[in-house]
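In what follows, a single structure is set out as C-alpha cells and then discussed.
All values below come from the heavy atoms of this structure, side chains included, with hydrogens, waters and symmetry mates left out. Computed from a predicted model, the values in this text were never measured in an experiment. Just so it is clear: chains get the letters A, B, ... in the order the sequence lines come, proteins before strands, and each one is counted from 1.
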There are 2 protein chains.
Amino acid sequence: MSQNKDVTIYDIADALNLSTSTVSRALKNHSSISKKTTLKVNEAAAKMQYTPNILASSLRNNKTNTIGVLISRINRPFMSDLISGIEVVAQKAGFNVIIAQSHDSYEDEVNMCQALYNSRVSGVICSLAMETKDTDHFDQFRNKNIPLVFVDRVPKTFTTYRVMIDNYSAGFKAAQHLIEQGYTRIAHIAGLKFRSIYNEREQGYRDALKKYNLPEEDNLIIHVKTMSYEEGEKAVNKLLSLENPPDAIFSSNDTTAVAAIQVAKSRGLRIPEDFGVIGFNNDPISRIIDPGLSTISHPAYEMGKISSKKILKHLKKSKNESITEISFLNTDVIIRGSSKRLKD
Amino acid sequence: MSQNKDVTIYDIADALNLSTSTVSRALKNHSSISKKTTLKVNEAAAKMQYTPNILASSLRNNKTNTIGVLISRINRPFMSDLISGIEVVAQKAGFNVIIAQSHDSYEDEVNMCQALYNSRVSGVICSLAMETKDTDHFDQFRNKNIPLVFVDRVPKTFTTYRVMIDNYSAGFKAAQHLIEQGYTRIAHIAGLKFRSIYNEREQGYRDALKKYNLPEEDNLIIHVKTMSYEEGEKAVNKLLSLENPPDAIFSSNDTTAVAAIQVAKSRGLRIPEDFGVIGFNNDPISRIIDPGLSTISHPAYEMGKISSKKILKHLKKSKNESITEISFLNTDVIIRGSSKRLKD
DNA sequence: TTGTAAGCGTTATCAA
DNA sequence: TTGATAACGCTTACAA
C-alpha cells in the first residue's frame, strides 16, 4: 500500500463538497469560516489523514520557516550546545533548522551559503570558518532582507546581528586571574590573528600584562591554526623548552589547555604549583581533567537561543530595516585546580 | 535595494527570447539543447544572478533532497559525531540535513516525526528517544516508501534499515575484560530494560559472568533512566555502600563511568587496584580523566555516514521495496588505566 | 532543437 | 460565509 498519493485539500474539498479555499481557511481556523464548517473540515482532515504540504505553502507564501545554520563542525562541544539552543527555540516556534558544516574551509562556507540561499531559508545563523576573511558571500542575504546572525566568530564589520561575548575583557580577566595567583611569566596560545575573537582575547591578555608591569614577550605567544590537541602539545612543548620558560599559560580554548596540562605533567611539573593553566570555553573535559581546568565560561546554549530569537523577532517585523545589533553575553572566570595557587 | 524579487527562469527566458522550458533544460545541460543556447543561458543566468528556487523544483518533482534527523539531543558527543557523519555524506550528494531533537521525550518525538513528514523529507534517520516504546508514528514513512534508518537506539522490530553495533557482544566483551583482569564482583549500571540496546548489553554482561562462574546478583545491577552524571554518582554510591560491595563496574555509558571513577576515588579507593571501571562510547572525556577510562568504542561518525548512504542508495532505486537490512559495525574494547590491573 | 501548456499543493484576491 | 481563479517557480509530456 505504499506510494499512494498524499491527501490534499482537493480531496477534502471533494469529499465535503466544498471549495479548496474554504478548506484551506478552515484548516487554519480562519474567522470567516463558520464553526460548523471548520469543525467538519478538521474532522475530515483527521479521518483522511491529511498532512499539509509545507513545500507548497512555502512556495506560495514565499517563506520557509526554516533557519539555516552554518558552522565549522557540529562535533565540538561549543558548537553542539549552540545548535541545541538554536533548535530548541526554533522548534517551539514551528521552525525547522537545517545544518551545514564549513569544516573551517572558506570554499565550503561559500558553497553552503549558496545552498542555504537556494533553499530559501528564512534566516541564517553563522559562525565563521577559521579561514574566512571576506564576507561577500553573505551579502545576498542582506540584499533580500533575510535576517543573518553571526555568532561567536563574527566578522569585524557587517550590518547585521551579532551574538558574542566580550572577548577582550575575557582575555584580560583570564590573564589577570593568573597574575593574581602569583604567576609572572605568562604564555598564550592564541588563534589566528585575523580572526577577531582570538585577536581580542590576545589584546586583553597583553593589556593585563601591561597593567601589572609584566613582560610581554612575543616568543611567549604562539598562534595556532586549528587549536587542536596536537597543536597544543606542540606549542606547549616549545614553550617549556625555552631557555626562560613560562610559569603559566592562557590557552584560547580548552582543548589546547588540556594538552598543556598533560604535557606539563609529563615533564614533571606540578600543577598548579609550578605551572598554572587557564583555558577557554568550559568544555565538559575541563571539569574532568585532574587537576580541574580553570577556564572562561562561554554560554553556547544561551547564545544559540538568543540567535534564534533574533531571527524570529526580525521576521515578525513588517518593516524592512538594515540592522546592526550586537548582543554581548556575560562570561565568568571559572577557577579550578589548574591555576589555584593561593589560598583564599 | 532589498526586497527586490528573485530572478526566475521567466526573467532569463524574457531576456533571451526563449521559452522557460528551454531555459530550464539549458540550466541542467540537457542533451536536447544546443551547445550554443546552453552556453548563452548559463551566461545570462550568471550575469543576472539567477538562483534556482529549490522549493518550486521540490514541489514539482515531489522530492526535497533533504534528510531529516531525529535524535534525543544534539549536544552529546555520540550524537554530534553521528550528525557530523550524516551531514558530510549528505552535503557531498547535494542533500540538506534538517535536525530535530526529541529530548528523549516520546511526545516530542511523535510531534517532530510529523513535522519532518510535513516537510516532505526524502529520508529519515532516527535514534529513538529513551521513552519510546511503540513506533507507530514511523509507519507513515514506510507507507510512502520514504527510507527510514534507525541508528543505535533501534526498535526491536520494524521493516526498515538499521545501523547499529552488536550490543550483546559488546556487553559480553566489557565484562569479560574485567573478569580477565581479576575482578570478581562486577556491578553494572544499565539503561532502561525495554530499550533493547541496553538490555542486550546487560545480557552480554550477565552471560559473561555466567560463563566464568561469577555470581550474578540483582543488587549489583542498577537501571538508570537518563544515564546522567548525577544518576551515575547516586548509583555508584549505593553500590559501594553495600555490605558486600563490588570490586568493579561496567557502565553502559562513559558519563556514568566517569562518575564511578570520581566517586570511587573520593571514597579512597585506588583505581584500578581496588576498583576497576569500564564505560561505553569512547567519549573524549574517557582519555582525559585520570586514570584513563577503559571503554567500548562506538563508531558514531561512521554510523552517521553509513546511515546517510543507506538513504541515498534507497532513493536511487526505482523499485519500491520494503526492506529489512541491518548493518552491524564493529566495536573494540579500549583498555586504559581504569581497568588494567594485570601486567601483560 | 525549441515551444506550449499543464500541473505540483497551497493561499490570497476578488466576487458572489 | 463561501467559491472561482490566479499565482508562487519549476519541470515535463507532447507538439512543432
Could you check B:T22 against A:T8 and say which one's nearest nucleotide on DNA chain C is further toward the 5' end?
B:T22
Between C:dG9 and B:N62, is there an OP1 or OP2 to side-chain N/O distance shorter than 4.0 Å?
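No, B:N62 has no side-chain N/O under 4.0 Å of OP1/OP2 on C:dG9.
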Step-by-step side chain to side chain contact (heavy atoms under 4.5 Å, CB included) determination, B:I125 to B:I67
CA-CA 7 Å; B:I125 298 172; B:I67 296 175; 3.9 Å; yes
Kindly state whether the ring of A:Y117 and the ring of A:H137 have centres lying under 6.0 angstrom apart.
no
Kindly state which residues belonging to [range] come within less than 4.0 angstrom of DNA chain C, counting heavy atoms of the residue only, listed by number.
{"range": "residues 9-19 of chain B", "result": "B:N17, B:L18, B:S19"}
{"range": "residues 27-35 of chain B", "result": "B:S31, B:S32, B:I33, B:S34"}
{"range": "residues 48-60 of chain B", "result": "B:L59, B:R60"}

Regarding A:T226 and A:D104, do their side chains bring together a donor and an acceptor under 3.5 Å, going by distance alone?
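Looking only at side-chain atoms, A:D104 and A:T226 do not form any donor-acceptor pair under 3.5 Å.
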Let's go through A:S105 and A:H103 carefully: what are the C-alpha distance in whole Å and the side-chain angles of both, what is the deciding distance for side chain to side chain donor-acceptor pair (under 3.5 Å) to 0.1 Å, and is it a yes or a no?
CA-CA 5 Å; A:S105 138; A:H103 296 105; over 6 Å; no
B:D11 (side chain) donor-acceptor with B:T8 (main chain) under 3.5 angstrom:
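Yes; judged by distance alone, with no hydrogens or angles, the pair exists.
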Would you check if the side chain of A:R195 reaches a backbone N or O of A:M130 as a donor-acceptor pair within less than 3.5 Å?
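Between the backbone of A:M130 and the side chain of A:R195 there is a qualifying donor-acceptor contact (under 3.5 Å).
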Applying the side-chain contact (heavy atoms from CB on, under 4.5 Å) test to A:L116, which of A:L70, A:I146, A:I99 qualifies?
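Answer after filtering A:L70, A:I146, A:I99: A:L70.
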Let me know which of B:V151, B:I326, B:D152 forms a side-chain contact (heavy atoms from CB on, under 4.5 Å) with B:M164.
B:I326
Identified side-chain hydrogen bond (donor to acceptor under 3.5 Å, both in side chains) counterpart of B:E325 within the set B:R162, B:H314, B:K310:
B:K310
Rounding to a whole Å, what distance do you find between B:K36:NZ and C:dT1:P?
12 Å
Please give, in whole Å, the distance from C:dC14 C1' to A:R25 CZ?
10 Å
Axis-to-axis angle across the helix from C:dT1-D:dA16 to C:dA16-D:dT1, five pairs an end, to 10 degrees?
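For the helix from C:dT1-D:dA16 to C:dA16-D:dT1, the axes at either end differ by 40°.
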Considering non-hydrogen atoms only, spot the tightest contact between A:S122 and A:N65 and give its length.
OG-N, 2.9 Å
Any chance CD of B:E107 has more than 12 other-residue heavy atoms, nucleotides or ligands included, within less than 6.0 Å?
no
Around atom NZ of A:K63, are there more than 12 heavy atoms of other residues, nucleotides or ligands at under 6.0 Å?
no
Give every donor-acceptor pair under 3.5 Å between a side-chain atom in residues 86-95 of chain B and any protein atom, sequence neighbours left out.
unit_1 : atom_1 : unit_2 : atom_2 : d
B:E87  : OE1    : A:Q101 : NE2    : 3.1
B:Q91  : NE2    : A:Q101 : O      : 3.1

Its 5'-most and 3'-most nucleotides having an atom under 4.0 Å from a non-hydrogen atom of chain A, DNA chain D is contacted over D:dT1 to D:dG9
Which of these, B:F141, B:Y161, B:F138, sits in a ring-ring contact (aromatic ring centres under 6.0 Å, His included) with B:F150?
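That would be B:F138; it is the only one of B:F141, B:Y161, B:F138 passing the ring-ring contact (aromatic ring centres under 6.0 Å, His included) with B:F150.
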Roughly how far apart are A:T66 OG1 and A:I54 CD1, rounded to 0.5 Å?
8.0 Å
